[in-house]
Amino acid sequence: MKNFFLNLGKQPLANKYLKTFKKNQIKYDLKLYFDTKSKLVSISKRIPSKIMFNNKYPYRSSMSLTMRKSFKKLSKEIKNKYKPKMLLEIGSNDGALICNFKKKNVLGIEPCKNLAEITKKKGFKTYNNYWDIRLSNKLKSIYGHIDLIYSSNTLTHISNLNNVFKSINNILSSKGILIIEDPSLLECIKKNSYDQFYNEHIYLFSAIAVKKLLEKFKLEIFDIKNLSTHGGSLRYYIKKKINKKLKITKNVKKQIDKEINYGLGKLNTYKKFSKNVKKSKIDLLRILHKIKLNKKKIIGYGATAKVVTVLNYCNINSELISNFTDTTPEKIHNFIPGKNIKILKYKKDILNKYDFAFLGAWNFKKEIFKKERSFLKNGGRFITHIPKPKII
Ligand code: TYD
């Protein structure tokens with residue numbers, strides 16, 4: 001049964017950047033639910049994929065050094081450990097992972113045309129399609145069974161998980177490996193990072209829920225890794241149950257026990273989370289208002305999809321945060337979805353004109369602090385809302 005636990009208000013599409021601010025930009029309810037049976041945490045309003053993932057999708061995996069490094073490291077591991085003849089990536093974005101492989105050994109699936117074009121132009125075989133059984137059948141007829149399927153930060157964006165796994169199961173060889181990687185629900189709850197929820201993130205996975213979900217498809221997790229990317233992610237290594245050669249590592253039980261002990265299987269945990277989120281909103285607004293009273297200027301750093309949830313939930317406008325800065329060409333000179341805050345092109349000395357920088361991309365704190373040493377040296381300060389609103 002699905003139980004409601006948090007209302008994050010009306011939210012625009014998290015990646016819908018507009019050239020001119022529109023007060024009446026379409027907004028949707030963002031309400032969170034916990035299913036006591038499947039243990040899945042999800043949002044209620046499902047927006048058709050075609051509206052969200054189109055030919056102008058602005059998110060680019062390659063924009064951060066952290067992600068590029070993470071994909072490079074994983075590609076080495078895959079090549080050394082699993083030596084796949086063919087790797088298929090569901091949601092290949094701008095090719096941050098597949099560019100580490102030989103062109104003849106990888107297939108990209110990317111529904112956003114502008115992103116698919118990037119990898120196509122580089123000579124990587126890319127299918128500009130949504131992942132479904134039709135595509136799975138088509139690829140199987142061309143390439144046969146696939147021995148490694150990878151998907152990062154994509155499956156949580158797809159409403160019908162049964163179709164996703166049915167289509168994967170259809171093409172994955174009996175000894176094949178599926179690796180998926182998505183933000184960790186446990187880390188989200190621990191860090192109070194309610195901004196992991198936005199209309200594209202239909203689900204936030206826990207190992208408990210993924211294990212249950214896979215059972216239907218005779219698939220099982222044989223290893224799990226905790227990653228620091230996206231504020232704390234889990235990488236699940238999955239195999240078919242009939243493949244007895246791969247042993248299930250201790251990491252799987254360890255993660256599941258950790259989640260059970262934290263209470264991820266109980267509704268009460270989510271109710272507590274909801275209280276913490278409401279407090280976080282009050283505390284963040286208090287900090288921002290105090291800074292403004294002192295006539296200091298605040299810029300937002302990293303126009304993430306996550307920050308759209310924060311700004312719209314807390315109702316933060318340009319009177320509090322005058323601008324944002326970001327390196328993504330598709331976001332620059334546009335407005336933060338739902339807000340009258342303009343995104344400025346990142347330049348080395350951009351922060352010098354401001355006293356404070358609000359960390360929209362808090363998940364890249366390390367990378368950003370390293371880059372902005374001189375801002376900090378000159379007395380500039382960062383503000384974060386994770387795990388609690390504070391000035392750093
Ligand atoms: P990210 O946190 O990956 O994603 P999401 O949109 O899923 O919440 O987004 C990081 C954003 O921050 C992206 O728009 C690029 C931007 N960014 C910078 O502008 N400068 C930086 O130094 C870093 C690390 C990120």
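All values below come from the heavy atoms of this structure, side chains included, with hydrogens, waters and symmetry mates left out. All ligand and atom numbering here is 1-based and tracks the order in the structure.
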Item to complete: Compare every heavy atom of Ala14 with every heavy atom of Tyr198, then report the nearest pair and how far apart it is.
Response: CD1-CB, 3.6 Å
Discussion item. Could you check whether Asp94 pairs with Arg60 (Lys NZ or Arg NE/NH1/NH2 to Asp/Glu carboxylate O, under 4.0 Å)?
Written reply: yes
Item to complete: Decide yes or no for His201 and Ile43: does some side-chain heavy atom of the first lie under 4.5 Å from some side-chain heavy atom of the second?
Response: no
Worksheet item: Thr325 versus Ile343: any side-chain heavy-atom pair under 4.5 Å?
Response: no
Discussion item. So, using side-chain hydrogen bond (donor to acceptor under 3.5 Å, both in side chains) as the criterion, who are the partners of Glu181 when residues are at least two apart?
Written reply: Tyr150, Arg235
Nitrogen or oxygen contacts under 3.5 Å, ligand 1 side and protein side:
unit_1: ligand 1; atom_1: 2 (O); unit_2: Lys306; atom_2: NZ; d: 2.8
unit_1: ligand 1; atom_1: 2 (O); unit_2: Asn363; atom_2: OD1; d: 3.4
unit_1: ligand 1; atom_1: 2 (O); unit_2: Asn363; atom_2: ND2; d: 2.8
unit_1: ligand 1; atom_1: 3 (O); unit_2: Tyr59; atom_2: OH; d: 2.9
unit_1: ligand 1; atom_1: 6 (O); unit_2: Ala305; atom_2: N; d: 2.8
unit_1: ligand 1; atom_1: 7 (O); unit_2: Tyr198; atom_2: OH; d: 3.2
unit_1: ligand 1; atom_1: 8 (O); unit_2: Ala305; atom_2: N; d: 3.3
unit_1: ligand 1; atom_1: 8 (O); unit_2: Lys306; atom_2: N; d: 3.3
unit_1: ligand 1; atom_1: 8 (O); unit_2: Lys306; atom_2: NZ; d: 2.7
unit_1: ligand 1; atom_1: 14 (O); unit_2: Asp326; atom_2: OD1; d: 3.1
unit_1: ligand 1; atom_1: 14 (O); unit_2: Asp326; atom_2: OD2; d: 2.8
unit_1: ligand 1; atom_1: 14 (O); unit_2: Thr328; atom_2: OG1; d: 3.2
unit_1: ligand 1; atom_1: 14 (O); unit_2: Lys331; atom_2: NZ; d: 2.7
unit_1: ligand 1; atom_1: 19 (O); unit_2: Thr327; atom_2: N; d: 3.0
unit_1: ligand 1; atom_1: 19 (O); unit_2: Thr327; atom_2: OG1; d: 3.3
unit_1: ligand 1; atom_1: 22 (O); unit_2: Lys371; atom_2: NZ; d: 2.6

Worksheet entry | Cluster check Leu65, Tyr59: I/L/V/M/F/W/Y, side chain < 4.5 angstrom | no
